[in-house]
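Worksheet: one structure, shown below.
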Amino acid sequence: MIVAALNRAAEEAGVRPGQTLSDARAIMPALAVEPGDAAADAATLDSLATWCGRYTPWVALDHAGLGAGLGGAHGLWLDVSGCAALFGGEAALLDDLQRRLASFGIEARAALADTPGAAWAVARYGHAGVGLANSNAGVVPPGGARAALAGLPVAALRLGPVEVEALDRVGLRRIGELYGMPRGALAKRFGPTLGRRLDQALGAAHEPLSPNRPVAPYRVQRLFAEPIAGPEAIEAVTRALVEALTAKLEADGRGARRLELALYRVDGTVGELAIGTSLAVREPRHLMRLFAERLERLDAGFGADAMVLSAPLSDPLPRLQLGLDLEARRSHRPCAPEDVAALGELVDRLSNRLGAANVQRQAPRQSHIPERAVVSAAPLAPVGEWPAQGRRERPLRLLAPPEPIEVIAPIPDDPPVMFRWRRAVHRVRAASGPERLAPEWWRATGMAAVGEGEGRFRDYYRVEDEAGRRFWLFRLGAFRPGSSPAWFMHGLSG
Amino acid sequence: MAAPHVSSVSPVRPTAHGEHKASFAELRRLIHAIERATPSVGGAVAGPAAELAAPLGLAVLDQALPAGGLVRGALHEVRPANPSGADAGASAGFVSALLVRLLAGEASGPVLWCLGAAGRRETGRPYGPGLAAFGLDPNRLLFAWARRDADVLWAMREGLGCSQLAAVIGETEAMPDLAASRRLQLAAGASGVTAILLGRRALGSEPSAALTRWRVAAMGSEHVPGEGVGRPRWQVALERCRGGVPHDWVLEWRDETGDFALAAALSGRSAEPAQARLAG
């Protein structure tokens, strides 16, 4: 068994990651051991990344596992460009971050520099002897990366053990010793990684961070000196955030399609809530109304010290195309923007309570399989024209899926004379049909349409029973002597 | 009430018996009665559209309705004659027919159609191609799939608050209680949006604030040799009608023209005596 991670006490006693457990116990007999759980570590790192959203939306995970970390090799990158002012400067931000992490019982090293590479190096190797409390040591001033890295070991360039060892063999141990070396010779001897890492750390090569979550283009936040709790406070802050965000959207002539509200609790957990809208919206009253129904689910726990509202999805506003036929069919009045907005609000309220998938329209689709001739469409999107259908050949209501029925029918192609559906017997008084619908063999694979897998056609009949009830039913496949064909009830007619 | 509004009301046709007079005075009185019956919160007068009625296009029907048609901006209820589900198709058909008539007139805007889960399971979902063949434009229909009756009623109220809609259809299991039905009637009156509520298992005895209640039973289509199943037919009773007289008919739906016709056999027969009518 190998030591994967350790705490400060173990490290000070001389235990190192990568040692065997027996070696480690020889150094420190009192060592307490927990089995490693990589999945739980990753989940913790992920939730920590979410929590870091209070500082910046740009949070990236570092699971490369390189370098000698105190606890483990994992880390987080935060791109705080433009965010530091909110926290009273870079040093104050770093201090705030470490203080809060410490309050969750997480000991962390942090550094702030011009490039992800330099920040990584300084965080891991920069203040080994300085102590964690003095986080000022972690701030590398703009343009200071070259000087700050010069004295650090080459492993601080995010190099693998093979490269570190190769450099060590030729006596290159400090990053500063690489500054004067010709690039071509370095690449030839140590591979392309070294030069790239050096350039990335010093800012000569751009290194984009891929954020843990998509970064919303519109984002507003509120930080609280004293943690807030209670629904009134949360609602008031939400209202303020909504107003601030809609002002930003208005400046760009856009409206939100999706809003995400995050509440950062003092215990390090994050409460999240999202609302969607059918049309671009930047009317604060409407958005507040959508939030209002859900805000009670956002529990501040022991208090929240930050709230962030972001709009990951937005559309240009005004957007007036509307699929729903809003005009009277006779008088072709153009539909006014306020009418569109009112319908959008209605759809949003319905969607937020019933679920977005449960508010829909039907759109026609090219298919002669009845259940496939209709697809659900977004409530306000334009849809196509409906094909002209023969009168009364389709039912008003379609059962999904078709329900098996027992049928007595003369052979071979006659309509039923009697059938049993849902335990009730119906005697057929009149019938029309059959209408033969062939399977769509070109999409037969994997589709769930009844009988299609076997490539069997359906013969549909419209029937009326003695009580005057009208049904739409079908026989699957041709009649074959010796076997009774399967029949299905598929719809009700008026 | 401003006269120009009243002038757009479709006239109450003078009947053969001359019982009704299509006078503006009578219409005004009627409107007044409707508005008094639908008091708005805060004492405001009922909405601007309450005075309009959609003629059903069949003289005997429109004459039985005091406003000369289905009053817009009001709640109307439909129930199957057999609450076990046997008349589900017929009552759904009649609701669709009422909707065709409502949309044929002045009403602009889409229709919100709210259905509960049990109804969707048992009678299926409204089916676009079939609705189109029946005379409805599916592109005007917005569906809301709710779970329980309470959600259907909530969605209906939301829809009735949006005056851009032409109508709101709701399908529940039971009819709502008086308070809920009154809220629907109030919301419809305030916005001018017409509400039709189909209670799939309604018993007919529920108190209600609706202006009309219709009872629908399946009826065999006219048998034409070689034709198979004919045009939809229903036995339709106007069970309750504020300011009107209960009546029943056998109606045929002419989907090719989108209007009702009277099927000769049972026409004109008067239904059971008027039940207690509730003022909303």
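Side chains included, hydrogens not; waters and symmetry mates left out as well; all remaining heavy atoms used. A, B, ... follow the sequence lines: proteins, then strands. Residue 1 opens every chain. Note that the structure is a prediction, hence the values are computed from the model and not measured.
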I'd like to verify something: which residue of [options] has the highest number of heavy-atom pairs under 4.5 Å with chain B?
options: A:Glu385, A:Glu345, A:Glu403, A:Arg469; value: A:Arg469
options: A:Arg353, A:Arg397, A:Arg429; value: A:Arg397
options: A:Leu346, A:Asn358, A:Leu350, A:Leu492; value: A:Asn358

Given 3.5 Å as the limit, does a donor-acceptor pair link the side chain of [X] with the main chain of [Y], or not?
X: A:Arg394; Y: B:Gly130; result: no
X: A:Gln362; Y: B:Pro126; result: yes
X: A:Arg462; Y: B:Gly228; result: no
X: B:Tyr127; Y: A:Pro370; result: yes

Proximity breakdown for B:Ala86 and chain A, heavy-atom pairs closer than 4.5 Å: both
Interchain contact, B:Ser96 with chain A, by part (heavy-atom threshold 4.5 Å): side chain
Once rounded to the nearest 0.5 Å, what's the spacing between atom [atom1] of [X] and atom [atom2] of [Y]?
X: B:Arg125; Y: A:Gln360; atom1: CZ; atom2: CD; result: 6.0 Å
X: B:Leu165; Y: A:Asp339; atom1: CG; atom2: CG; result: 10.5 Å
X: A:Leu398; Y: B:Leu131; atom1: CG; atom2: CG; result: 10.5 Å

Which answer fits [X], side chain, backbone, both or neither, if we ask what part of it has an atom under 4.5 Å from a heavy atom of chain B?
X: A:Arg349; value: both
X: A:Pro415; value: neither
X: A:Ala363; value: neither
X: A:Leu396; value: both
X: A:Ala431; value: backbone
X: A:Val374; value: side chain

Residue pair [X] / [Y]: nearest heavy atoms and the distance that separates them:
X: B:Arg121; Y: A:Leu399; result: O-CD2, 3.9 Å
X: B:Ala144; Y: A:Leu354; result: CB-CD1, 3.9 Å
X: A:Arg470; Y: B:Met219; result: NH1-O, 2.9 Å

Verdict with supporting geometry, B:Asn139 and A:Arg361, side chain to side chain contact (heavy atoms under 4.5 Å, CB included): CA-CA 7 Å; B:Asn139 285 353; A:Arg361 295 163 69 209; 3.9 Å; yes
Chain A interface, residue from B:Ser91, B:Cys162, B:Ala217 that has the most non-hydrogen pairs under 4.5 Å: B:Cys162
More than 12 heavy atoms of other groups within 6.0 Å of B:Arg147 CZ: no
